[in-house]
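In what follows, a structure is listed as structure tokens, so that the remarks can point back to it.
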Amino acid sequence: MGDRIRLSSSLLLEQRAWQVILDREGLEWSQPQPPSARGEESFSVPTSEIIAVEETEIDEKQSNRRKWRKMSKRHAFTVYYMKRKRPHCWRCKEATFWCVDEQLCNQWIQALKELIDSQTSRPKRLLVYINPFSGKKQGQRIYEQKVAPLFSLASISTEVVVTEHANHAKDNLSEVNLANYDGIVCVGGDGMFSDVMHGLIGRTQKDSGVDQNDPTAPLVPCKTRIGIIPAGSTDCICYATVGINDPVTSALHIILGDSQPLDVSSVHRNKTFLKYFVSLLGYGFYGDVLKDSEEKRWMGSVRYDFAGFKTFLSHHYYEGTVSFLPATHTMGCPRDGRSCKTKCRVCKQSKRQLEQLQKFEKDRHGYDRRNQWHVIRGKFLAINAANMSCACPRSPKGLSPSAHLADGCADLILVHKCSRFNFLRYLIRHTNEDDQFNFTFVEVYRIRKFHFTSQQLEDSDDIHNMQKKHFGRFCSDQPTCCCTFSGSTWNCDGETLESPAIQVEVHCQLIKLFARGIEPPSKYEESPSMVQDRSYVGRL
Ligand SMILES: CCCCCCCCCCCCC/C=C/[C@@H](O)[C@H](COP(=O)(O)O)NC(=O)CCCCCCCCCCCCCCC
Ligand SMILES: Nc1ncnc2c1ncn2[C@@H]1O[C@H](COP(=O)(O)OP(=O)(O)O)[C@@H](O)[C@H]1O
Ligand SMILES: [Ca+2]
């Protein structure tokens with residue numbers, strides 16, 4: 001595309017004449033001679049924010065200006081574009097331009113279409129999975145009423161699968177031809193995203209011959225992007241990567257072809273792969289809240305408040321050993337206040353440095369003097385590994401406000417045993433501006449890998465070893481073993497995971513989302529107030 005796309009014409013919009021210019025950068029319209037009372041009016045939409053163009057039939061009856069009808073037939077086209085309504089919240093707006101010259105009108109439509117087609121990162125074919133039972137069970141309605149009309153406006157073809165059971169999306173992804181799609185969309189909550197992500201990562205590894213059970217195997221990054229239409233109970237992954245849980249905003253990020261790389265952490269027990277997570281892996285408090293809330297699914301998202309209150313009162317602590325490998329490749333740290341923003345420099349540089357470090361480690365067969373494992377043994381109310389901020393409507397800054405989406409690190413938060421009052425103070429700080437790490441009983445580290453073993457398992461291992469020595473085989477060798485551990489469970493992106501021992505490793509930028517991270521506030525100040533403020537589907 002070159003200078004061929006450069007048009008400058010006088011067109012009418014809302015009965016006023018505007019000088020309208022289209023070039024590679026975008027569309028601009030301004031008043032040739034601004035009426036002094038109004039001041040100069042000029043509006044622009046960058047190419048990357050133009051959604052679609054359509055030829056428009058002008059309803060002549062609507063016009064009370066008979067003189068135009070007398071003159072000649074009007075020819076019109078409507079430009080649909082993204083507009084920032086308030087921080088992080090996007091809407092689709094429209095502006096209908098017209099003129100009496102049919103050829104000129106067609107020329108504009110053609111040029112705008114060419115410009116839109118030049119945006120090669122935009123998806124054309126999407127595979128959509130809808131969980132009809134997420135959150136308030138509105139997934140299907142949200143998709144059909146708010147999202148599908150926008151996809152069809154943007155000429156995106158879709159194949160829609162309404163899931164019938166848990167893991168449906170994951171299983172389906174193991175057999176579909178991924179080459180047929182430019183992206184996968186999941187409509188639901190964090191659990192639904194987890195299903196899709198496991199399907200996609202598993203499929204990519206299988207196709208590349210990587211064994212997911214091998215905790216040392218470097219994983220192959222997934223090419224297909226995932227879009228999240230939030231319709232769940234917490235919607236943490238959407239909120240922390242877009243800044244809001246709003247279906248229309250997410251649909252627009254997908255249509256405009258945004259791309260946000262995301263770290264994924266793997267959880268293994270010895271040589272068995274258990275799960276991946278992108279937001280929170282939590283033991284103790286968040287594990288117990290999740291486990292308790294699962295029996296209360298019928299309550300919807302309030303289940304978490306009930307379970308949270310109950311778990312808070314029970315005030316269980318868990319003994320165990322955490323060992324971790326601190327991240328040495330990143331300049332960021334959990335309390336530096338440098339939160340992850342669109343086109344984050346910390347993420348970019350960290351990835352580069354991690355690649356160098358990994359190459360260095362490979363050359364030295366894993367050895368690097370900076371690789372010092374730290375070991376902390378204790379009694380914990382909560383052990384949280386936050387791969388991202390984990391911001392959500394309940395906690396707008398999240399569990400670790402300065403965690404990054406794509407730096408190859410997770411923030412490991414250890415909440416040691418403390419009084420109920422202090423734990424409540426800690427929880428309350430998730431909802432306000434105060435630093436939740438500024439407590440003597442809270443430690444936070446930026447890490448690349450960590451291991452956890454519960455005290456019960458350590459004790460039983462000691463007994464096993466002793467008994468093995470003296471009596472031969474013992475129960476852990478038997479599949480029928482009935483040893484029970486009174487440990488907690490893991491909350492792994494909102495899915496429960498029972499394992500008294502795990503090894504976790506962060507995989508830098510393993511997947512990509514249709515998102516752009518958190519836009520800094522200046523973006524909203526820059527956003528022009530447009531002439532026509534009619535929302536297309538935004539208010540549905
Ligand atoms: C006193 C107020 C305390 C508010 C503390 C809020 C902390 C919220 C942090 C949320 C981190 C979320 C991490 C993400 C988790 C999700 O993946 C996951 C699944 O999402 P999905 O259902 O959409 O699939 N969601 C969850 O695990 C839910 C976590 C929600 C925890 C809520 C805890 C409420 C605690 C209330 C304590 C009340 C104490 C009152 C004492 C007088
Ligand atoms: N049709 C279905 N029936 C039952 N469970 C389902 C279905 N589709 C998906 N699931 C499972 O429901 C779980 C929760 O889904 P999610 O969309 O996160 O809702 P919520 O945010 O309300 O927890 C996920 O683990 C997913 O595998
Ligand atoms: Ca990270």
Side-chain angles (χ1 to χ4, degrees), residues 129-137 139 161-170 186-196 198 228 230-240 245 261-265 277-282 285-291 293-294 297 300-313 327 330 332 340 344 346-347 350 384-400 403-411 420-421 423-432 436 446-448 491-496 506-509:
Y129 292 103
I130 304 175
N131 177 355
F133 301 112
S134 298
K136 298 193 184 91
K137 303 191 172 67
V161 178
V162 178
T163 60
E164 285 163 10
H165 52 84
N167 289 324
H168 185 160
K170 179 176 166 240
C186 61
V187 185
D190 295 333
M192 191 56 194
F193 172 83
S194 177
D195 259 8
V196 167
H198 279 85
I228 308 171
S233 305
T234 313
D235 296 324
C236 164
I237 301 162
C238 175
Y239 195 99
N245 56 334
L262 200 59
D263 296 337
V264 177
S265 292
F277 69 94
V278 292
S279 64
L280 170 72
L281 178 70
F285 185 72
Y286 288 106
D288 295 350
V289 171
L290 183 73
K291 191 161 187 193
S293 71
E294 284 297 290
R297 273 209 157 262
S301 59
V302 206
R303 69 187 185 274
Y304 291 129
D305 301 304
F306 275 87
F309 186 65
K310 197 173 142 194
T311 309
F312 171 77
L313 291 181
T330 173
C340 193
C344 178
V346 174
C347 290
S350 299
N384 296 327
N387 234 352
M388 53 167 77
S389 70
C390 296
C392 59
R394 277 192 176 79
S395 171
K397 286 184 309 151
L399 289 186
S400 190
H404 287 264
L405 294 170
D407 63 345
C409 308
D411 287 354
R420 270 199 188 84
F421 177 66
F423 190 56
L424 183 61
R425 285 172 65 211
Y426 168 71
L427 287 179
I428 288 172
R429 288 205 188 169
H430 290 85
T431 62
N432 62 30
Q436 63 254 60
R446 193 151 284 179
I447 59 139
R448 268 170 72 194
N491 177 338
C492 185
D493 276 350
E495 304 287 293
T496 52
V506 187
H507 301 271
C508 190
Q509 308 193 3

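Computed from a prediction, not measured in an experiment: that's the story for all the values here. Remember, it's 1-based here, ligands and their atoms both numbered in the order they're listed.
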Ligand 2 to Asn167, heavy atom cutoff 4.0 Å, flagged ligand atoms 27 (O)

Numbering as shown, the atoms of ligand 2 that approach Gly188 to under 4.0 Å (heavy-atom distance) = 17 (O)

To the nearest 0.1 Å, how far is atom 2 (C) of ligand 1 from its closest protein heavy atom, and which atom is that?
-> Thr431 CG2, 4.4 Å

Proximity of Asp195 to ligand 2 by residue part, where a heavy atom lies under 4.0 Å | side chain

Region of Leu424 engaging ligand 1 - heavy atom pairs below 4.0 Å = side chain

Atom 39 (C) of ligand 1: which protein heavy atom is closest, and how many Å away?
-> Phe312 CG, 3.9 Å

Looking only at distances, please establish whether an N/O atom of ligand 1 is found under 3.5 Å from an N/O atom of Asn491.
-> yes

Cys390: which of Ile237, Leu399, Asp493 passes side chain to side chain contact (heavy atoms under 4.5 Å, CB included) = Leu399

Evaluation steps, side-chain contact (heavy atoms from CB on, under 4.5 Å), between Val278 and Met388 | CA-CA 7 Å; Val278 292; Met388 53 167 77; 4.2 Å; yes

Take atom NZ of Lys397 as the centre, draw a 6.0 Å sphere, and report whether it contains more than 12 heavy atoms from other residues, nucleotides or ligands.
-> yes

Out of Phe285, Phe277, Tyr304, whose heavy atom is nearest to atom 30 (C) of ligand 1?
-> Tyr304

Taking distance alone, with no angle check, do Gly135 and ligand 2 share an N/O pair under 3.5 Å?
-> yes

Return the residue, atom name and 0.1 Å-rounded distance of the protein heavy atom closest to atom 8 (C) of ligand 1.
-> Ser395 CB, 3.8 Å

For Asp407, the N, O or S atom at the shortest distance from the Ca ion (ligand 3) is OD1

For Asp493, take its heavy atoms, then give the atoms of ligand 1 lying under 4.0 Å from any of them.
-> 17 (O)

Can you tell which of Lys137, Glu164, Met192 makes a side chain to side chain contact (heavy atoms under 4.5 Å, CB included) with Asn131?
-> Met192

Of all heavy-atom pairs between Val187 and Ser134, which one has the smallest distance, and what is that distance?
-> O-OG, 4.3 Å

Exam field: side chain Asn491 to backbone Leu281, donor-acceptor pair closer than 3.5 Å = no

Does Asp190 reach the main-chain N or O of Cys236 with its side chain, forming a donor-acceptor pair under 3.5 Å?
-> yes

For Glu495, is the nearest heavy atom under 4.0 Å from an atom of ligand 2?
-> yes

State, to the nearest 10 degrees, the angle whose vertex is the Ca ion (ligand 3) and whose arms point to O of His404 and O of Cys409.
-> 150°

Any donor-acceptor pair under 3.5 Å linking the side chain of Arg297 with the backbone of Glu294?
-> no

Only residue of Phe312, Tyr426, Phe309, Phe423 satisfying ring pair (Phe, Tyr, Trp, His ring centres under 6.0 Å) with Phe285 is Phe423

Which atom of Asp263 is nearest the Ca ion (ligand 3), counting N, O or S only? It is OD2

Is it true that a side-chain atom of Arg420 and a backbone atom of Leu313 form a donor plus acceptor pair closer than 3.5 Å?
-> yes

NE2-CG distance between His198 and Asn167, expressed to the nearest 0.5 angstrom = 9.0 Å

For Gly232, the atoms of ligand 2 under 4.0 Å from one of its heavy atoms are 21 (O)

Which ligand 1 atoms does Arg303 reach within 4.0 Å, using its non-hydrogen atoms?
-> 22 (O)

For ligand 2, is there an N or O atom under 3.5 Å from any N or O atom of Phe133?
-> no

When you measure from atom 19 (C) of ligand 1 to every protein heavy atom, which one gives the shortest distance, and what is it?
-> Gly494 CA, 3.4 Å

Enumerate the atoms of ligand 2 whose separation from the nearest heavy atom of Arg303 is less than 4.0 angstrom.
-> 20 (P), 22 (O), 23 (O)

How long is the gap from OH on Tyr304 to OG1 on Thr234, to the nearest 0.5 Å?
-> 4.0 Å

Smallest separation among heavy atoms of Cys347 and Ala406, with atom names | SG-N, 3.4 Å

Just going by heavy-atom distances, which of Met192, Arg429, Glu495, Arg394 is nearest to atom 32 (C) of ligand 1?
-> Arg394

Closest non-hydrogen protein atom to atom 9 (C) of ligand 2, residue and atom name please, with distance?
-> Asn131 ND2, 3.2 Å

Protein heavy-atom partner closest to atom 5 (C) of ligand 1 - residue, atom, separation in Å | Leu427 O, 3.9 Å

For atom 21 (O) of ligand 2, the closest protein heavy atom turns out to be Ser233 N, 2.8 Å

So which protein heavy atom does atom 9 (C) of ligand 1 come closest to, and at what separation?
-> Tyr286 OH, 3.7 Å

Thr330 versus Arg446, side-chain donor and acceptor atoms under 3.5 Å | no

At a 4.0 Å threshold, what atoms of ligand 2 neighbour a non-hydrogen atom of Arg297?
-> 14 (C), 22 (O), 23 (O)

Can you tell me which residue and heavy atom of the protein come closest to atom 42 (C) of ligand 1, and the distance to 0.1 Å?
-> Phe309 CE1, 3.8 Å

For Asp190, take its heavy atoms, then give the atoms of ligand 2 lying under 4.0 Å from any of them.
-> 18 (O)

Could you tell me the residue and atom name of the protein heavy atom closest to atom 18 (O) of ligand 2, and the distance to it rounded to 0.1 Å?
-> Gly191 N, 2.7 Å

Considering only heavy atoms of Asp235, which atoms of ligand 1 have at least one such atom less than 4.0 Å away?
-> 23 (O)

Atoms of ligand 2 less than 4.0 Å from Thr163 heavy atoms?
-> 1 (N), 2 (C), 7 (C), 8 (N), 9 (C)

Under-4.0 Å heavy-atom contact with ligand 1, by part of Asp190 that carries it = both

Is ligand 1 under 4.0 Å from a heavy atom in the side chain of Cys236, in the backbone, in both, or in neither?
-> side chain

Taking the non-hydrogen atoms of Lys397, is any one of them nearer than 4.0 angstrom to ligand 1?
-> no

Quick one: are Asp263 and Gln509 in side-chain contact, heavy atoms under 4.5 Å?
-> yes

Taking only heavy atoms of Cys392 into account, list the atoms of ligand 1 that are under 4.0 Å away from them.
-> 10 (C)

Option whose closest heavy atom lies nearest to atom 24 (O) of ligand 1, chosen from Gly191, Gly287, Ser279, Ser194 | Gly191

Flag, side chain of Asn384 to backbone of Gly282, donor-acceptor distance under 3.5 Å | no

Under 4.5 Å between any side-chain heavy atoms of Arg303 and Ser233, yes or no?
-> yes

Nearest to atom 13 (C) of ligand 1, what protein heavy atom do you find, and at what distance?
-> Leu280 CD2, 3.8 Å

Nearest option to atom 19 (O) of ligand 2, as decided by whichever heavy atom of Ser134, Gly494, Ala166 sits closest = Ser134

Among Asp305, Val278, Thr234, whose heavy atom sits nearest atom 20 (O) of ligand 1?
-> Thr234

Answer yes or no for Met388: is there an N/O/S atom below the 3.0 Å cut-off from the Ca ion (ligand 3)?
-> no

